[in-house]
Amino acid sequence: MLNAQEAEALILELVCPLHRERDGETVDLGVARDRILAATVASQLDFPHWDNSAMDGYAVRYADVQDCPVVLEIVEEIPAGVQPEKSLQSGQAARIFTGSVMPNGADTIVIQENTQRDRDRVTILQSPQFQEFVRQRASFYNAGNPLLSPGIAIGAPEMAILAAAQCTQLEVYRRPRVAILSTGDELVTPDSPLQPGQIVDSNQYALSTFVAQNGALPLPLGIVRDRAEQLKQTIAQAIISADIVLSTGGVSVGEYDLVDRILGELGGELHIRSVAVKPGKPLTVATFPHQKHPCLYFGIPGNPVSALVSCWRFVQPALKKLSGLSNYQPQWIIARSRDELRGAVKRETYLWGQLTFLEGKPEFALARGSKSSGNLIDLAQTTALARVPLGEKFIPTGEEVRVMLI
Ligand SMILES: Nc1nc2c(c(=O)[nH]1)N[C@H]1C(S)=C(S)[C@@H](COP(=O)(O)OP(=O)(O)OC[C@H]3O[C@@H](n4cnc5c(N)ncnc54)[C@H](O)[C@@H]3O)O[C@H]1N2
Ligand code: MOO
Ligand SMILES: [Mg+2]
C-alpha cells in the first residue's frame, strides 16, 4: 500500500495537462473569470501610458522650487483626460489633478497642501523632491513585455490588468470534463421516498460541486447498480467522454465491489489500489493506455466523508494540474490545534474542521461529532484537513499540526 506522499506524486505524474494547441479556446474578457490563461499575454501599451501626476497640486520645474517660498505663474489648468497645451517655462506652473498628463517642461508635482493660491499665482511653501509625485511613463510596465503568464487563473486583479491592457479576447484552456458516477444498489436520488436499506446518493452532489468549484465541467452520470454489465457500460462511456472519471463506491473487497475488475476488463492499467490514509484507504487510480484520448480514473470510496476527503487530498491537485494551472500543489500550513487529534497509527489520518486565526496565528478547530467516514453531518463548513502522521497515536491540544487547506 502506498503512503499519501507516494500516491500524490504518482497521481501527479499520471496527469496529462491540457495543451495549448489541442485544448485552447478564445473567450471574451467579460466571461473570462476563473478561466486559466493558455498563452502569455502582452500589451502594446506602456503603463502608465504617459507621465502623469499622482496628486492634486501643481506641476512645476524642480529648478524653480529649490528655494522656497517662491511664487510661480499659473499658465494652464490640466484636468484628467486632457492633453496639456502649453510647455512650462521657468517661473511657471500648471494646476494639475491626480491622473492628469504632465505638461512638457514640468518634472515635479507640488501637492496642493504645500502651496498657497492667489488667482493666477501660486506660492510654493515647501520644496519638493526632484520628480516627486510624477508617475513616469512605462515605469510600471514596458509595452511588449510579458504581462501575464500562461497557467494562471483569472481573478479580480488579472481582470483589472487585462481590461486596462485592452486585452478583450483571451486564449484560455477549455474546462476539463469530469464524469461522475455513483455505484450502489442502495442509492436513490434525493427526491425518492426511502425504502428500508436505501440511502440518498449524496456523493453525486458533493462531487459535482467539488468539480465545478475547481473550474471543471461535471458530467453527472447518475447512479449505477452493482451489476457488472451496467457498470461496465457506464464506465466505458465515461472514459471515452471525460478527461477525469470519478466513481464512488465499489472499490473495497466485498463481492459487490466491482470497479477494479471492470477497469481491468476495459484495458485499464491500475496504478494504485489503496493508500495508507484514513479516511479514503480504498482508492483506485487507473489510466487507459490503449485509448488515444488520455483519461485518469479515480475509483473513490463510497463513504461520503472518504469520498470528499479523497477528492480534496488526491483529485484536487490532479484536476488543477490537468486544467493547466501552474500552481497545483496542495497548500499546507502549520497551525495550533484547539483539540486533541487522534490518528489511526497505521494510516495517515485526516481530520476535518476549520482553520481560524487567533491574534493572527492559525488555529485548527476539529469538527464536532463522530469521525466515522460514514458521518457527513459534521462536514459542513469544513475548510481544512488536519494531518496526524503515520505511526502517531495523537496530537495533543495546543500542539502544532500540519493542515491542508481545501
Ligand atoms: N473487509 C473490509 N471492508 C472494508 C474495508 C476493508 O479494508 N476491508 N475498507 C473499508 C473502507 S476504509 C471503506 S472507505 C469502504 C469503501 O467501500 P467502497 O468504496 O467499496 O464503497 P461501498 O461499499 O459501495 O460503500 C461504502 C459506504 O458508502 C455508502 N455510499 C456508497 N455510495 C454512496 C453515495 N453515492 N452517496 C452516499 N453514500 C454512499 C454506502 O452506502 C456504504 O455505507 O469499505 C470499507 N469496507
Ligand atoms: O478509508 Mo475508509 O475511507 O476509512 O472509511
Ligand atoms: Mg464496498
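Read the numbers this way: they start at 1 and go in the same order the structure lists the ligands and their atoms. Side chains included, hydrogens not; waters and symmetry mates left out as well; all remaining heavy atoms used.
Taking each of Gly250, Ala307, Ser252 in turn, the one with a heavy atom nearest to atom 10 (C) of ligand 1 proves to be Ser252.
Cation-pi geometry between Arg20 and Tyr173 is not met at under 6.0 angstrom from the ring centre and within 45 degrees of the axis. Remark: Arg402 is positioned above the aromatic ring of Trp332, its terminal NZ or CZ atom under 6.0 angstrom from the ring centre and at most 45 degrees off the axis.
For atom 8 (N) of ligand 1, the closest non-hydrogen atom on the protein side is Val253 CG2, 3.6 Å. Among all protein heavy atoms, the one lying closest to atom 39 (C) of ligand 1 is Gly302 O, 3.3 Å. At the shortest separation from atom 5 (O) of ligand 2 among protein heavy atoms lies Ser373 OG, 2.5 Å. Summary of contacts: the protein heavy atom closest to atom 15 (C) of ligand 1 is Asn303 ND2, 3.6 Å. At the top of the distance list for atom 40 (C) of ligand 1, counting protein heavy atoms only, stands Glu186 OE2, 3.0 Å. Ranking the protein heavy atoms by distance from atom 23 (O) of ligand 1 puts Asp257 OD1, 3.7 Å first. Of the protein's heavy atoms, Ile199 CD1, 3.4 Å lies nearest to atom 38 (N) of ligand 1. The single protein non-hydrogen atom nearest to atom 4 (O) of ligand 2 is Arg347 NH1, 3.2 Å, given as residue, atom name and distance. Ranking the protein heavy atoms by distance from atom 34 (C) of ligand 1 puts Asn203 ND2, 3.1 Å first.
Atoms of ligand 2 lying under 4.0 Å from any heavy atom of Gly280, numbered from 1 in the order shown and given with element: 1 (O), 2 (Mo), 3 (O), 4 (O). Distances below 4.0 Å separate heavy atoms of Asn303 from the following atoms of ligand 2: 5 (O). Applying the 4.0 Å criterion to heavy atoms of Pro301 picks out, from ligand 1, the atoms 14 (S), 16 (C), 19 (O). Near Ser306, with a cut-off below 4.0 Å to any heavy atom, the atoms of ligand 1 are 14 (S).
Counting heavy atoms closer than 4.0 Å to ligand 1, residue Thr248 contributes side-chain atoms (C-beta onward) but none from N, CA, C or O. Contacts of Lys371 with ligand 2, taken as heavy-atom pairs under 4.0 Å, are absent altogether. Residue Pro282 touches ligand 1 through its side chain alone, judged by heavy-atom distances below 4.0 Å.
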(message) Under the criterion side-chain hydrogen bond (donor to acceptor under 3.5 Å, both in side chains), I'd like the reasoning laid out for Arg387 against Tyr350: C-alpha separation, chi angles, the key distance, then a yes or no.
(response) CA-CA 5 Å; Arg387 181 195 72 144; Tyr350 303 123; over 6 Å; no

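Asp257 has its closest N, O or S atom to the Mg ion (ligand 3) at the position named OD1.
A salt bridge does not link Lys86 to Glu76: none of the charged side-chain nitrogens sits closer than 4.0 Å to a carboxylate oxygen. The pair Arg174-Asp243 meets the salt-bridge criterion, since a charged nitrogen lies less than 4.0 angstrom from a carboxylate oxygen. Between Asp107 and Arg61 there is no salt bridge, since none of the side-chain N atoms of the basic residue sits less than 4.0 Å from a carboxylate O of the acidic one.
At least one heavy atom of Pro282 sits closer than 4.0 Å to an atom of ligand 2. At least one heavy atom of Val200 sits closer than 4.0 Å to an atom of ligand 1. Residue Gly184 places no heavy atom under 4.0 Å from ligand 1. The closest approach between Ser202 and ligand 1 falls below 4.0 Å for a heavy atom of the residue.
Side-chain contact, Ser337 with Glu399: no donor N or O sits under 3.5 Å from an acceptor N or O.
Listed here is the closest heavy atom pair of Lys278 and Ala344: CD-CB, 3.4 Å. Summarising the geometry of Ala386 relative to Leu341, their closest heavy-atom pair is CB-CD1, 3.9 Å, with the distance given to 0.1 Å.
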